[in-house]
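Residue numbers start from 1 in every chain, and the chains themselves are labelled A, B, ... in the order their sequence lines are given, proteins ahead of strands. What you are looking at is a predicted structure, and each value in this text was computed from that prediction instead of being measured.
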There are 2 protein chains.
Amino acid sequence: MVVTGTTRRVDKHRAILDAALDVFARQGYADTNLDEVAEVAGVAKPTIYNHFGDKAGLFAAVVETSSQDANARVADVIAATSTNPEDLRAELETLARSLVHCLQGGAGSATMRLQLVEGARFPELISRVRDGNRDRTLDLLAGKLAQLAATGHLRLRDPGRAARQLMALVSDEPLVNSGFGARPVDPAVVDRAVTEGVDTFLAAFAPEPAPES
Amino acid sequence: MVVTGTTRRVDKHRAILDAALDVFARQGYADTNLDEVAEVAGVAKPTIYNHFGDKAGLFAAVVETSSQDANARVADVIAATSTNPEDLRAELETLARSLVHCLQGGAGSATMRLQLVEGARFPELISRVRDGNRDRTLDLLAGKLAQLAATGHLRLRDPGRAARQLMALVSDEPLVNSGFGARPVDPAVVDRAVTEGVDTFLAAFAPEPAPES
DNA sequence: TTAATTTTGAACTCACGAGTACAACGAGCG
DNA sequence: CGCTCGTTGTACTCGTGAGTTCAAAATTAA
């Protein structure tokens with residue numbers, strides 16, 4: 001077995017990032033002390049300083065890394081959506097449910113909470129990362145919706161607007177219900193928001209009147 | 001001129017609450033020190049302790065008071081909406097714009113930010129106040145929408161759902177654009193979200209096909 | 001195997017802010 | 001006017017956490 005030269009160092013680097021994401025998201029930047037991050041990561045505190053410089057440096061790295069990860073997950077979900085589905089409603093519900101879980105459940109929840117809560121403390125970093133994430137997500141989603149329009153499944157004049165509104169309809173209620181990330185997302189709430197949100201979306205944007213509305 | 005016995009004390013009490021709302025909202029609970037609140041309020045620090053006990057007590061009072069104020073403003077806006085408007089679209093746009101400004105602009109912005117950011121630190125207080133506010137707002141709005149349905153302007157099977165979705169459509173974009181309260185709300189963004197959101201709402205819930213969609 | 005690099009545990013310094021104390025002053029009331 | 005209560009400016013204590021130090025140990029590289 002061949003172990004590459006920096007494998008172990010990468011392990012610790014990643015372990016610190018993972019631990020920090022968890023602790024920062026739960027407690028916020030101010031209430032997070034690096035003794036605790038070190039303990040969760042299984043390293044010594046000076047090791048964190050060796051890798052990341054200082055607390056703010058660690059935070060910035062966590063935000064960047066976790067947001068890139070979230071981006072990749074979202075892109076996968078949108079790419080996996082068919083542009084010629086047999087059941088459009090079901091396809092959109094699956095897409096929407098997956099998006100909400102990517103953004104608000106599991107690792108996405110921690111990422112979202114950092115972006116949401118610490119915008120005042122790190123305005124440039126958070127704006128750049130969060131707005132970049134959102135723009136990218138909406139672009140990809142708008143692209144997919146435009147394809148659905150091209151194949152006659154939807155009637156859109158502005159795919160960007162449709163993307164924004166679909167996101168709003170399906171994500172607002174779960175977000176509020178979770179206390180903006182302070183509580184775990186309730187899958188039942190997501191399901192309801194998705195079902196109702198897609199229903200309203202189709203009532204507004206489907207070519208023919210939606211069967212239910 | 002007759003001055004009531006506790007006028008001065010009420011003045012200071014209110015001055016402390018106002019100052020604290022401003023500072024807590026800008027800096028967050030952890031980064032707010034009571035020396036600064038005292039300076040902004042124009043009182044001595046021990047006076048804050050005399051009135052509110054400790055920092056957490058002050059914060060709780062600020063959350064309660066500002067949320068009640070926000071509640072009253074929202075109730076006024078909804079009550080002022082006609083249930084038999086000549087121009088439904090314009091009436092809904094006015095309602096929606098006022099709601100968003102109540103919730104996300106001026107004093108509403110500070111209130112919202114406290115509720116949004118400090119949910120993890122004070123879970124019971126924030127959940128109670130924020131969920132109570134939201135439930136009340138949605139109830140009032142659902143009531144108004146139900147009345148619009150009763151007069152034939154809308155076609156609803158579930159006014160509660162319609163209220164949730166109207167709120168989502170008109171408030172999501174301004175909220176994200178303001179960095180969840182970290183930046184001032186941009187009126188142009190609100191206008192666009194309101195116009196487009198009401199348009200989609202009417203496309204889904206108006207009795208006859210909306211003229212634009 | 002040796003040398004170089006990284007990590008460690010433990011202890012430390014220093015700045016900061018919550019909360020307190022207190023004598024003196026100010027405001028309000030009878 | 002005297003009394004009571006609230007407020008003040010100033011100084012203080014104490015706990016906490018960011019960041020640093022260092023000799024020894026562990027890991028990695030040659």
B:Glu36 vs B:Glu39 side-chain heavy atoms within contact, under 4.5 Å: no
Distance, rounded to the nearest Å, where B:Ile48 contributes CD1 and C:dA18 contributes P: 10 Å
Rounded distance (Å) that lies between atom P of D:dG6 and atom CD1 of B:Ile16: 13 Å
Value in whole Å for how far the P atom of C:dT8 lies from CG of A:Asn50: 9 Å
Presence of B:Lys12 side-chain N/O under 4.0 Å of D:dT8 phosphate oxygens OP1/OP2: yes
Separation of A:Lys144 NZ from A:Ser82 OG (nearest 0.5 Å): 7.5 Å
Sidechain N-carboxylate O distance under 4.0 Å for B:Asp18, B:Arg14: yes
B:Arg161 versus A:Thr200, side-chain donor and acceptor atoms under 3.5 Å: yes
Ionic contact status for A:Asp31 with A:Arg26, cut-off 4.0 Å: no
Interatomic distance where CZ belongs to B:Phe52 and P belongs to D:dG6 [whole Å]: 15 Å
Side-chain touch B:Val198/B:Leu169, heavy atoms, less than 4.5 angstrom: no
Worked verdict on B:Arg183 versus A:Asp131 for salt bridge (Lys or Arg N to Asp or Glu O under 4.0 Å): CA-CA 13 Å; B:Arg183 306 184 287 242; A:Asp131 296 347; 3.7 Å; yes
Atom-pair distance (NE2 on A:His13; C1' on C:dT5), nearest Å: 17 Å
Inter- and intrachain pairs under ring pair (Phe, Tyr, Trp, His ring centres under 6.0 Å), touching residues 88-122 of chain A, at least two apart: A:Tyr29-A:Phe122, A:Phe59-A:Phe122
Any B:Gln115 side-chain heavy atom under 4.5 Å of B:Val129 side chain: yes
B:Thr47 side chain near D:dG6 phosphate (N/O to OP1/OP2, under 4.0 Å): no
Nucleotides 18-23 of chain D: protein proximity per nucleotide (B base, S sugar-phosphate only, - neither; heavy atom, under 4.0 Å): SBBB--
Terminal helix-axis angle for the helix from C:dT1-D:dA30 to C:dG30-D:dC1, with five pairs defining each axis and rounding to 10 degrees: 30°
Side-chain N,O (A:His51) to OP1/OP2 (C:dT6) below 4.0 Å: no
Length of the line joining A:Glu39:CD and C:dG9:P, which is rounded to integer Å: 11 Å
